[in-house]
Amino acid sequence: MAISCTHEPMTIAISTDLHYLAKRLYEKERPYAKICQQARNSEYLLDWLLEEMDPQTIDVLLLTGDLASNGEKESHREFIKKLNRIKERGIQVFVLPGNHDIRHQKASEYIDGKIYPTETIGETDFRTMYASFGYDQALSTDQDSLSYVAELSEDSWLICLDNCCRVNEIPQRYGKLKTETLAWLERNLKCAKEQKISVYVAGHYNLAYHNQLFRKGFTMRNHQQVSELLHKYDVQLFFSGHMHMQHMGVENGVTDIATASLATYPHQYGVLKINQKQEISYHTKQLSLPEFKRMSYYQFYYEDFIVQILEELEQLSGVDWAVRQKMAFFAAKMNLHYFGGTFYTIAEVARQTQEWKLWKQYGTELFFYQYLQSMFEDSMYDHNNYYKRER
């Protein structure tokens, strides 16, 4: 295949969890329904992301799964039409599947407040439909999954792992790398090491634990085995998504950078740069949206979080409504910072607020209190920037 990266430094934009829903599947829905707003937001944000991809500076756009809302075939078709436009401008796109992309039970269309099933896709469909976004260009493809190896440069490879188990467990699917795929991965890692090629790995599910409360359903079940294998062959970086929040974690010496969902405020993507000295840097960049759009999206997600939190606070029926509102407003703001990877910037101030004291006074038995507490324990540093020199 042709080498994908020609700039110095080699530059890869990374985005994830776009959850695109085809227009036809919601155009007959009531115009102010939440699903309509989310779908319109996702399309606008995707279009803006693709417009920002400058072929003069960006070599590759890597999308780490959950491309479609719930695996609707029509959503994938529309999504691919948009990707074709950016590829025509000279930017290679590499994709991998997420847990929502294939054979999802909730593939639906929405009409006047009612939900109807719609056609989804299978593994063969995904490989065929996205052939020009990784599979046709691959140095190696795994016959037991949708994993493949892409050549970034003469001395750099990207391994895109399909680490989704497409079974319908209750309450959700999970991530795991198949035994056969692990063997395929090791063969390619060994080949790369023999040729002195640097390897970067991506998958939808996380490699490391990012939050003590969110482990099952987020981190690969065999993450220990996978991280040991990556460490054995000197892999330093793993790129994931799935959580929708910006966070970094380390497992067996391998840094797992979970990029925030583009569809969730603050609507950012990652930028990975690798120069000829093998200096590696990663930073996030928020979409350069018009300010009125940014504020409307902020308000949409802020208010949505408030509704969710107030529902849980209904358990505190003996606590005054005004107090519960203060607790919800505080928690929603903390959550937006947490999702953006900037919680550390406001953590010490947050500890001293009256609202946090109210949570400690009234809410300690609630899940959301534990969630807020976990932010103070695992997010006390910058999750938006990374720098390291290759070994």
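As the structure is a prediction and not an experimental result, all values here were calculated from the model.
Closest approach of L62 and I12 over heavy atoms only: CB-CG2, 4.1 Å. Here the closest non-hydrogen pair linking S75 and L25 is OG-CD1, 3.7 Å. Of all non-hydrogen atoms in I86 and L83, the two that sit nearest each other are CG2-O, 3.0 Å. Summarising the geometry of A332 relative to I306, their closest heavy-atom pair is CB-CG1, 3.6 Å, with the distance given to 0.1 Å. Taking all atoms of both residues into account, the shortest heavy-atom contact from M220 to K176 is CG-N, 4.3 Å.
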For this session: Would you please test F133 and I80 for side chain to side chain contact (heavy atoms under 4.5 Å, CB included) and show each step?
Result: CA-CA 9 Å; F133 304 105; I80 289 167; 3.9 Å; yes
For this session: Check the pair K232, E186 against salt bridge (charged side-chain N to carboxylate O under 4.0 Å, His left out), reporting the backbone distance first and the verdict last.
Result: CA-CA 10 Å; K232 174 181 175 182; E186 181 157 26; 3.0 Å; yes
Problem set entry | side chain to side chain contact (heavy atoms under 4.5 Å, CB included) assessment of E123 paired with I102 | CA-CA 7 Å; E123 286 86 351; I102 296 171; 4.1 Å; yes
For this session: For ring-ring contact (aromatic ring centres under 6.0 Å, His included), just list the numbers for F339 and F305, CA-CA rounded to whole Å, side-chain angles, deciding distance to a tenth of an Å, and then say yes or no.
Result: CA-CA 12 Å; F339 269 60; F305 284 140; 5.7 Å; yes
Exercise. Checking side chain to side chain contact (heavy atoms under 4.5 Å, CB included) for the pair D304/Q308: CA distance, chi angles, key distance, verdict?
Worked result: CA-CA 6 Å; D304 186 51; Q308 295 177 46; 3.0 Å; yes
For this session: In sequence, state the C-alpha distance, the side-chain angles, and the governing distance for H100 and K106, and then conclude on side chain to side chain contact (heavy atoms under 4.5 Å, CB included).
Result: CA-CA 9 Å; H100 281 264; K106 293 184 179 179; over 6 Å; no
For this session: Evaluate the criterion salt bridge (charged side-chain N to carboxylate O under 4.0 Å, His left out) for residue pair E43 and K82; output intermediate values, then yes/no.
Result: CA-CA 10 Å; E43 180 172 24; K82 292 179 181 291; 3.3 Å; yes
Exercise. Do E27 and R24 pass the salt bridge (charged side-chain N to carboxylate O under 4.0 Å, His left out) test, and can you show the C-alpha distance, the side-chain angles, and the key distance before you say yes or no?
Worked result: CA-CA 5 Å; E27 64 183 356; R24 189 195 66 78; over 6 Å; no
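In summary, the side chains of H19 and H244 do present a donor paired with an acceptor at a separation below 3.5 Å, with no hydrogens or angles considered. Between the side chains of S145 and D162, no donor-acceptor pair of N or O atoms lies under 3.5 Å. A donor and an acceptor atom, one from each side chain of Y371 and N211, are nowhere located under 3.5 Å apart. Between the side chains of N384 and T284, at least one donor N or O lies within less than 3.5 Å of an accepting N or O.
Under a 4.0 Å N-O distance rule, the pair E88/R85 does not qualify as a salt bridge.
With S42 contributing its side chain and Q38 its backbone, the two residues share a donor-acceptor pair below 3.5 Å. Distance alone, capped at 3.5 Å, places no donor-acceptor pair between the N99 side chain and the D66 backbone. For K285 (side chain) and V271 (main-chain N/O), no donor-acceptor pair under 3.5 Å exists by modelled atom type. Under a 3.5 Å cut-off, the side chain of T255 and the backbone N or O of L237 do not form any donor-acceptor pair. N275 places no side-chain N or O within donor-acceptor distance of the main-chain N or O of P9, the cut-off being under 3.5 Å. Between the side chain of E8 and the backbone N or O of Q276 there is at least one donor-acceptor pair closer than 3.5 Å. Remark: the backbone N or O of F300 is not paired with any side-chain donor or acceptor of E303 at under 3.5 angstrom. In this structure, the side chain of H242 does not engage the main chain of T64 through any donor-acceptor pair within 3.5 Å. Judged by distance alone, with hydrogens and angles left aside, the side-chain atoms of T120 form a donor-acceptor pair with the main-chain N or O of G71 at under 3.5 Å. Proximity of a side-chain donor or acceptor of S261 to a complementary backbone N or O of D17 within less than 3.5 Å is detected.
Residues passing the side chain to side chain donor-acceptor pair (under 3.5 Å) test with S240, sequence neighbours excluded: N206, D256.
L213 and W356 fall within a single hydrophobic cluster, where Ile, Leu, Val, Met, Phe, Trp and Tyr side chains are chained together by heavy-atom contacts under 4.5 Å. Linking ILVMFWY side-chain heavy atoms closer than 4.5 Å, directly or via other members, places L96 and L185 in two distinct hydrophobic clusters. V250 and V235 sit in two unconnected hydrophobic clusters of ILVMFWY residues. Membership requires side-chain heavy atoms under 4.5 Å apart, directly or through other members. No continuous path of hydrophobic side-chain contacts links L372 to V307 [ILVMFWY only; heavy atoms under 4.5 Å]. Y344 and Y282 are assigned to two separate hydrophobic clusters, defined by single-linkage of ILVMFWY side chains at heavy-atom distances under 4.5 Å.
The structure places CG of N163 at 11.5 Å from CG of L146, a figure rounded to the nearest 0.5 Å. Rounding to the nearest 0.5 angstrom, the gap separating the CZ atom in F79 from the CG atom in L63 is 5.0 Å. Here the OH-CG distance, from Y205 to L161, works out to 14.0 Å after rounding to the nearest 0.5 Å. Between the CG atom in D125 and the CD atom in E119 there is a gap of 7.5 Å [rounded to 0.5 Å]. Separating the CG atom in L289 from the OH atom in Y297 is a distance of 7.0 Å, to the nearest 0.5 Å. A distance of 8.5 Å separates CG in L152 from CG in D59, rounded to the nearest 0.5 Å.
The 12-atom threshold is not exceeded at NZ of K28, counting heavy atoms of other residues, nucleotides or ligands nearer than 6.0 Å. No more than 12 heavy-atom neighbours from other residues, nucleotides or ligands sit within 6.0 angstrom of CD on E365. Counted within 6.0 Å of CD on E51, heavy atoms from surrounding residues, nucleotides or ligands total 12 or fewer; the atom is thus considered open.
In this pair, F376 and F343 present their aromatic rings perpendicular. The plane angle is above 60°, beyond the 30 to 60° band.
For residues 48-76, the pairs satisfying ring pair (Phe, Tyr, Trp, His ring centres under 6.0 Å) are Y44-W48, H76-Y130, with sequence neighbours left out. Counting only residues at least two apart or in different chains, side-chain hydrogen bond (donor to acceptor under 3.5 Å, both in side chains) contacts with residues 309-327 are absent.
Looking at heavy atoms from C-beta onward, L230 lies out of side-chain contact with E251 at the 4.5 angstrom threshold. With a 4.5 Å cut-off on side-chain heavy atoms, Y233 and V199 do not count as touching. At a threshold of 4.5 Å between non-hydrogen side-chain atoms, the residues K360 and Y369 count as touching. Contact check for I35 versus L21: side-chain heavy atoms found under the 4.5 Å cut-off.
When each of L45, I14, L61, L49 is paired with Y269, the side chain to side chain contact (heavy atoms under 4.5 Å, CB included) condition holds for L49 and for no other. Under the side chain to side chain contact (heavy atoms under 4.5 Å, CB included) rule, L189 has a single partner from I159, D234, I197, which is I159.
The aromatic ring centres of Y381 and H383 sit less than 6.0 Å apart. The aromatic ring centroids of W157 and Y148 lie 6.0 Å or more from each other.
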